[in-house]
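In this chain, residues are counted from 1 in sequence order.
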Amino acid sequence: MSSDNFNSLPISKPQIDALDSLGYKTMTPVQAQSLPLILQGRDLIVRAKTGSGKTAAFGIGLLNAINPRFFGVQALVLCPTRELADQVGKEIRKLASFMPNIKLVLLCGGKPFGPQVGSLEHGAHIVVGTPGRVQDHLRKNTLKLDGLKTLVLDEADRMLDMGFADVMQAIIEQTPKSRQTLLFSATYPDTIGQMSRSIQRNPASVTVESEHKPEVIEQLFYEVKKHERDTTLLALFEHYQPQTAVVFCHTKKQCDEVAALLQQHRIEALAIHGDLDQRERDQVLVRFANNSCAVLVATDVAARGLDIKSLQMVINYELPRDPEVYVHRIGRTGRAGETGMAMSIVTPSETQRILAIEKYLNQPCRCDVLESLDRDPAFSLQATMVTIQIDAGRKNKMRPGDILGALTGDASLAGSQVGKINIFDMSSYVAVERDAFRQAMNHLAQGKIKGRTIRARGIG
C-alpha cells in the first residue's frame with residue numbers, strides 16, 4: 001500500500017469513509033509529511049501555502065483526538081479572518097461528516113454575540129474562530145479551554161501581521177500546557193520563530209516547497225517609470241485579456257484607486273480591504289467566487305482565505321518587500337493542473353525587490369518593457385454571471401435546493417444558467433447567467449420560494 005494513501009494512517013474508519021466521500025485518495029505533500037507527526041501528538045511548525053491541503057492535515061489530526069462523549073472544547077483553531085475561519089469550519093465539518101455527534105462552533109467578529117453564547121452552552125467539541133472574538137468569549141467566561149487537547153494557529157504569520165500577537169498570547173495562556181500546538185504559516189519571519197519557542201515543545205518542522213514551475217506559472221516583470229504604473233496595468237489587461245484576475249496592492253487607498261481606474265476603462269473590478277464592513281466583504285467575496293465579478297483588487301491580508309478555483313492572472317501593482325509574499329501571491333494562479341500568469345509592475349526604486357526574489361527563487365526574473373505590450377483599446381471585461389441577493393438565509397431554513405428549484409422550476413431557467421449558491425444566516429446569494437438575469441428577477445418579484453414571497457435584488 002502506498003505511503004501517501006490515507007488508508008496507511010492510524011485513523012478511524014469514519015474518517016476514512018469521510019475522506020472517500022470527499023474524493024480524497026492520496027495525500028498532498030504537506031499531508032504526507034505532517035499527518036504522521038500530528039497523529040503521534042507532536043507539536044509542529046508547518047510552512048505551506050494556501051491550497052496545499054493543510055486544512056485537511058490539521059482537521060484530520062484534531063478530529064482523531066476528539067472524545068465525542070466529552071462535551072467540552074477539545075480543539076481550537078485560530079484564523080486571521082472570518083472568511084478563512086468559515087472556510088476551515090466547513091472543511092472540518094465535511095471531514096467529520098461520518099463521525100456522529102461532533103459539534104463545531106464558529107466564533108467570529110461581525111456576527112451577533114448572543115447566538116454564539118447559546119451554541120457554546122449546548123457544548124462544543126471544536127471551536128474555529130478569529131482571535132478577537134475568541135478572546136471576547138474568554139473574558140466573558142462563555143468559553144472555557146481547560147480541556148483543550150489541540151491548538152491550531154492557521155496562517156500565524158498573517159495574525160501577527162494584523163497585530164494579534166498579544167491577543168493570541170492571552171488566549172494561549174488560558175489553555176493547558178499539555179496541549180498539542182500546530183502552527184501553520186505561509187512565510188517564516190523571525191516573529192514566527194519567536195512565537196514557536198514561547199508556545200511549543202520540541203516542535204517538528206515541515207516545509208513544503210512553494211516554488212512555482214515556469215511551465216505552470218509564466219512570470220514576467222515589467223520595468224517602468226513610476227508615472228507609468230497605471231498605464232502598464234491597463235496595457236496588461238488589453239494585451240493578455242484575462243477573463244479573471246487578482247490585482248495585489250499594498251494599501252486600502254491604493255485598492256480603491258486601482259479598482260476605480262479599471263472600472264473607468266470598462267474592466268469590471270471590485271476592491272477588498274480591511275475598511276469594508278462584513279456585509280460588504282461577504283458580497284465582494286461571493287461575487288468574485290461565483291464569477292459575477294471578473295477582477296478583484298486586494299491587499300494581502302484581505303485576500304487570505306480566498307477560495308479561488310480557477311484564476312488566470314495575478315498582477316502585482318507594486319512588488320511586495322518580502323519575496324515569500326510574492327511567491328504566496330502568485331501561487332493563487334496555475335492551480336489544479338491549469339497554467340497561469342503572474343505579471344509584476346516594477347519601478348526603479350523597487351529593483352532591490354527583484355534581486356531578493358531572484359535570490360529566493362534561485363533563478364533569474366524575466367523582465368520586459370511596456371512598449372512590448374500590444375494594446376487593444378476596444379478591450380472591455382464583464383463577468384458572465386450576475387449575483388442576485390435574496391433576503392432569507394440559514395435562519396429562515398433556506399437551502400440551496402430551494403433556490404435552485406424555484407429558478408429551474410417556476411422561473412424556467414436551465415440548470416446550466418444557475419451558478420454558485422451561497423447561504424448566509426440572514427441572506428442568500430445566487431449567480432445566474434447575465435442573459436437570464438431579467439427572467440430570474442421577474443419570477444422572484446412575482447413568484448415565491450418555499451411558498452413565501454421573498455425580496456430579491458441584483459447586486460453590482
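- Counting only distance, with no hydrogens or angles, the side chain of D425 and the backbone of R394 share no donor-acceptor pair below 3.5 Å.
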Exercise for the section: Apply the test side-chain contact (heavy atoms from CB on, under 4.5 Å) to residues V430 and V418: give CA-CA distance (whole Å), side-chain angles for both, the deciding distance (0.1 Å), then the verdict. Expected result: CA-CA 7 Å; V430 55; V418 183; 3.7 Å; yes

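- For A294 against E268, the heavy-atom pair with the smallest separation is N-OE1, 3.8 Å.
- Within the 3.5 Å criterion, the main-chain N or O of L234 finds no donor-acceptor partner in the side chain of H239.
- Under the 3.5 Å distance criterion, with hydrogens and angles disregarded, no donor-acceptor pair is assigned to the side chains of T232 and E228.
- Ion pairing between a basic and an acidic side chain is recognised when a charged N comes within 4.0 Å of a carboxylate O; R353 and D322 show no such pairing.
- The pair E324-R47 meets the salt-bridge criterion, since a charged nitrogen lies less than 4.0 angstrom from a carboxylate oxygen.
- Expressed to the nearest 0.5 Å, how far CG of L285 lies from CD1 of I272 amounts to 3.5 Å.
- Closest approach of A383 and N291 over heavy atoms only: CB-O, 3.3 Å.
- Taking each heavy atom of A271 and V284 in turn, the nearest pair found is O-CG2, 3.9 Å.
- To the nearest 0.5 Å, atoms CD1 (I192) and CG (L160) are separated by 4.5 Å.
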Problem - Check against side-chain contact (heavy atoms from CB on, under 4.5 Å), Y317 and F248 - result: CA-CA 6 Å; Y317 182 77; F248 279 104; over 6 Å; no

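- Counted by atom type alone, S428 and N422 present zero donor-acceptor pairs between their side chains at under 3.5 Å.
- Between K54 and D154 there is a salt bridge, with a side-chain nitrogen of the basic residue lying less than 4.0 Å from a carboxylate oxygen of the acidic one.
- Remark: F113 engages H137 in a ring pair (Phe, Tyr, Trp, His ring centres under 6.0 Å) (not counting sequence neighbours).
- In this structure, Q180 contributes its side chain and R42 its backbone to a donor-acceptor pair below 3.5 Å.
- Applying the ring pair (Phe, Tyr, Trp, His ring centres under 6.0 Å) test to F237 and every residue at least two apart in sequence or in another chain returns nothing.
- Judged by distance alone, with hydrogens and angles left aside, the side-chain atoms of Q283 form no donor-acceptor pair with the main-chain N or O of E280 at under 3.5 Å.
- Of the inter-residue distances, the one linking Q352 atom CD with K359 atom NZ reads 11.0 Å to the nearest 0.5 angstrom.
- No donor-acceptor pair under 3.5 Å is formed between the side chain of H443 and the backbone N or O of Q439.
- With hydrogens and angles ignored, the 3.5 Å screen pairs a side-chain donor or acceptor of E358 with a backbone N or O of C365.
- No donor-acceptor distance shorter than 3.5 angstrom exists from the side chain of E223 to the backbone of D368, with no hydrogens or angles considered.
- D256 and H273 share a donor-acceptor pair across their side chains, judged by distance under 3.5 Å alone.
- A salt bridge links R229 with E350: the closest approach of a Lys/Arg side-chain nitrogen to an acidic carboxylate oxygen falls below 4.0 angstrom.
- Surrounding NZ of K94 are at most 12 heavy atoms belonging to other residues, nucleotides or ligands under 6.0 Å away.
- Put simply, CD on E218 and CE on M341 are 7.0 Å apart, with the number rounded to the nearest 0.5 Å.
- Nearest heavy atoms, I449 versus D402: CG2-O, 3.9 Å.
- Under the 3.5 Å distance criterion, with hydrogens and angles disregarded, a donor-acceptor pair is assigned to the side chains of Q116 and R133.
- For the pair Q31 (side chain) and G53 (backbone), a donor-acceptor distance under 3.5 Å is present.
- For the ring pair (Phe, Tyr, Trp, His ring centres under 6.0 Å) test, residues two or more places apart in sequence or in another chain that qualify with F221 are Y326.
- Under the 6.0 Å cut-off for aromatic ring centres, F58 and F184 qualify, their centroids lying closer than that.
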Practice task
Please assess T299 against T251 for the test side-chain contact (heavy atoms from CB on, under 4.5 Å), listing each intermediate value before the final yes or no.
Solution key: CA-CA 6 Å; T299 56; T251 66; 5.9 Å; no

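- Panel note: side chain Q263, backbone A269; a donor-acceptor pair is recorded below 3.5 Å.
- Here the closest non-hydrogen pair linking I423 and G393 is CG2-C, 4.0 Å.
- Checking E318 against Q254 by side-chain atom types alone, a donor-acceptor pair falls below 3.5 Å.
- Residue C255 comes nearest to A298 through the heavy atom pair SG-C, 3.6 Å, listed as atom of the first residue, atom of the second, then distance.
- Although no hydrogens or angles enter the test, the distance criterion places no donor-acceptor pair under 3.5 Å between the side chain of R329 and the main chain of N316.
- In this structure, OH on Y240 lies 15.0 Å from CG on D376, to the nearest 0.5 angstrom.
- Between R281 and D277 there is no salt bridge, since none of the side-chain N atoms of the basic residue sits less than 4.0 Å from a carboxylate O of the acidic one.
- For the 3.5 Å distance criterion, the side chains of Q278 and E83 qualify, holding a donor opposite an acceptor.
- Here the CD1 atom belonging to I330 is positioned 7.0 Å from the CG atom belonging to L361, to the nearest 0.5 angstrom.
- No side-chain N or O of D282 forms a donor-acceptor pair with one of Y429 less than 3.5 Å apart.
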